[in-house]
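Worksheet: the structure to be examined is printed underneath.
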Protein chains: 2
Amino acid sequence: MTNPSSGRREQIIQAAANLFCARGYEASSMRDIATTLNIEAASLYHHIKSKEEILETICFGMAETFLNGIREVNDIYFNAEERLRMAIQNHVRILTSNLSQSTVFLHEWRSLKGEKLIAFKQLRDQYEKGFRTIVQDGMNEDIFGEVDARFAVLSILSSVNWIAEWYREDGAMSSDEIASRISDFVLGGLRKKLVTDLDYKP
Amino acid sequence: MTNPSSGRREQIIQAAANLFCARGYEASSMRDIATTLNIEAASLYHHIKSKEEILETICFGMAETFLNGIREVNDIYFNAEERLRMAIQNHVRILTSNLSQSTVFLHEWRSLKGEKLIAFKQLRDQYEKGFRTIVQDGMNEDIFGEVDARFAVLSILSSVNWIAEWYREDGAMSSDEIASRISDFVLGGLRKKLVTDLDYKP
DNA sequence: TTTTGTGTCTAACAAACGTTAGGTGAAATG
DNA sequence: CATTTCACCTAACGTTTGTTAGACACAAAA
């Protein structure tokens, strides 16, 4: 391996993510992480600089993954509804394919400090902005009703992010199935549609 | 005061809630809480039994507040849509009127231990069940479309709970305004309504 | 065979943690 | 006035925290 100890490093970060996800960053000790890997706490420091660095790696790594997703979607020339469905599908796929790291990304970023915290919030804002563009486009295209885009996006993202609370890999619904249902819900709402509503889709 | 030191006790719990909300339970020390009140950490123990007890008081106190709300709503004989609007309004009001304790209720209950954790989850399930009843009734009344009630409720609650992330008392929107918008969103969805949709409301 | 590097170990560190014991001074109570 | 009660204090406890220093085992490279 050209990059020294990079394989072990990823193992450590994944083990840490699992612990941070289950108990939270502050409640997880370096000794806890080490025990998971059957080594001593001090041994971790040959692969990582500090506990803080682990959190930063997870948070910024996932932030980039999510951001790449929304950028790809917005580069495609589709209408707003299709793009929103794709963005949601993308989000749910990332979330479910690495649930631990996603949960850390969603919940534990509060423990970032100083400039790292500021930088992270900016990435998060950028992601929201990607969704806002879609909602705004939808309104311009006269597909979506007039809503507060910022407000709508926060509602959408919150629905999608809550998945992390209850999704388990052995569950009945697949990632894409969940995304599809959320999309329907977000687009159509709870209220019953009349057959005369020409825009109605299943 | 008949109950000794109960006034001071509430001050401590509120101060703790503010800290737990800002930095998380594990990251907040007894010395931090004490400093906020301009006393020493040891002095706290004249009013409370342990740090854990503070968290329990906040979590179970708020759980009861939320539960009383949904019970009142479901005791009233209104249709499902009206009851859902009331339940959401109620939820948002509680959330915004004590943002710190609500945030602790939503995020920090993970730090509860043993039987307390189990008991708390049960209360949470009961609250969700209250909402599920409304959604189910709405489907029976043929007001709501056919959806997975459990799924819909989680979406609704997640939207509502995300408020805690961005709501500030000095913000432009009032508590009831937020509740009203979320209700519209949840009921109507994003997609534009045609005028032929007789159920359409603003 | 020697050298170099990598991954882990033991041992220890200073700091921070939740919590307890026992004392002090002021206010309320008799 | 004497006594009790109350809210707080100082000092300290045992534990756990993140992290560092230095040694050892084992591999590949020279």
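Just so it is clear, the structure is predicted and the values come from calculations on it, not from any experiment. Numbers restart at 1 for each chain; the letters A, B, ... are given by sequence-line order, proteins then strands.
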Distances under 3.5 Å between protein N/O atoms and the N/O atoms of nucleotides 18-21 of chain C, please, pair by pair.
residue: C/dG18; atom: OP1; partner: B/Lys51; partner atom: NZ; Å: 3.0
residue: C/dG18; atom: OP2; partner: B/Met30; partner atom: N; Å: 2.9
residue: C/dG18; atom: N7; partner: B/Arg31; partner atom: NH1; Å: 2.9
residue: C/dG18; atom: O6; partner: B/Arg31; partner atom: NH2; Å: 3.1
residue: C/dT19; atom: OP2; partner: B/Tyr45; partner atom: OH; Å: 2.7
residue: C/dT19; atom: OP2; partner: B/Lys51; partner atom: N; Å: 2.9
residue: C/dT19; atom: O5'; partner: B/Tyr45; partner atom: OH; Å: 3.3

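- For A/Ser155 against B/Phe185, the heavy-atom pair with the smallest separation is CB-CE2, 3.6 Å.
- Between C/dT6 and A/Arg8, no contact under 4.0 Å exists linking OP1 or OP2 to a side-chain N or O.
- For A/Ile54 and D/dT19, the CD1 to C1' distance is 12 Å, given to the nearest whole Å.
- At whole-Å resolution of the value, CD1 in A/Ile39 and P in D/dA25 are 19 Å apart.
- If you measure from atom NZ of A/Lys113 to atom C1' of D/dG18, you get 11 Å, rounded to the nearest angstrom.
- Between A/Asp184 and A/Arg85, at least one side-chain N (NZ, or NE/NH1/NH2) sits under 4.0 Å from a carboxylate O, which counts as a salt bridge.
- B/Asp32 contributes a side-chain N or O that, together with a main-chain N or O of B/Ser29, makes up a donor-acceptor pair within less than 3.5 Å.
- Between the CZ atom of A/Arg23 and the C1' atom of D/dT16 there is a distance of 14 Å, given to the nearest Å.
- With rounding to whole Å, B/Glu40 atom CD is found 13 Å from C/dC17 atom P.
- The salt bridge (charged side-chain N to carboxylate O under 4.0 Å, His left out) check on A/Arg124 picks up nothing, with sequence neighbours excluded.
- Between A/Leu44 atom CG and D/dG18 atom C1' the separation is 11 Å, expressed in whole Å.
- Minimum heavy-atom separation, A/Ser158 to B/Ser159: OG-CA, 3.1 Å.
- Put simply, B/His47 has no side-chain N or O that comes within less than 4.0 Å of OP1 or OP2 on D/dC6.
- In this structure, the helix from C/dT1-D/dA30 to C/dA12-D/dT19 shows an angle of 10° between the axis at its start and the axis at its end, each fitted on 5 base pairs and rounded to 10°.
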Could you check A/Phe105 against A/Phe20 for ring-ring contact (aromatic ring centres under 6.0 Å, His included), going step by step and ending with a plain yes or no? CA-CA 10 Å; A/Phe105 165 82; A/Phe20 295 171; over 10 Å; no
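- Neither side chain, B/Asn68 nor B/Glu72, offers a donor N or O lying under 3.5 Å from an acceptor on the other.
- One finds no salt bridge joining A/Arg110 and A/Glu26 here, because no Lys/Arg side-chain nitrogen approaches an Asp/Glu carboxylate oxygen to under 4.0 Å.
- In this structure, CD1 of A/Ile33 is placed 17 Å from P of D/dT16, rounded to the nearest angstrom.
- Remark: A/Ser43 is in phosphate contact with C/dC9, judged by side-chain N or O atoms under 4.0 Å from OP1 or OP2.
- Look at CD on A/Glu10: it is 13 Å from P on C/dG7, rounded to the nearest Å.
- A/Gln126 places no side-chain N or O within 3.5 Å of a backbone atom of A/Leu67 that could act as its donor or acceptor partner.
- If you check distances only, the side chain of A/His46 does reach the base of C/dT8 with a donor-acceptor pair under 3.5 Å.
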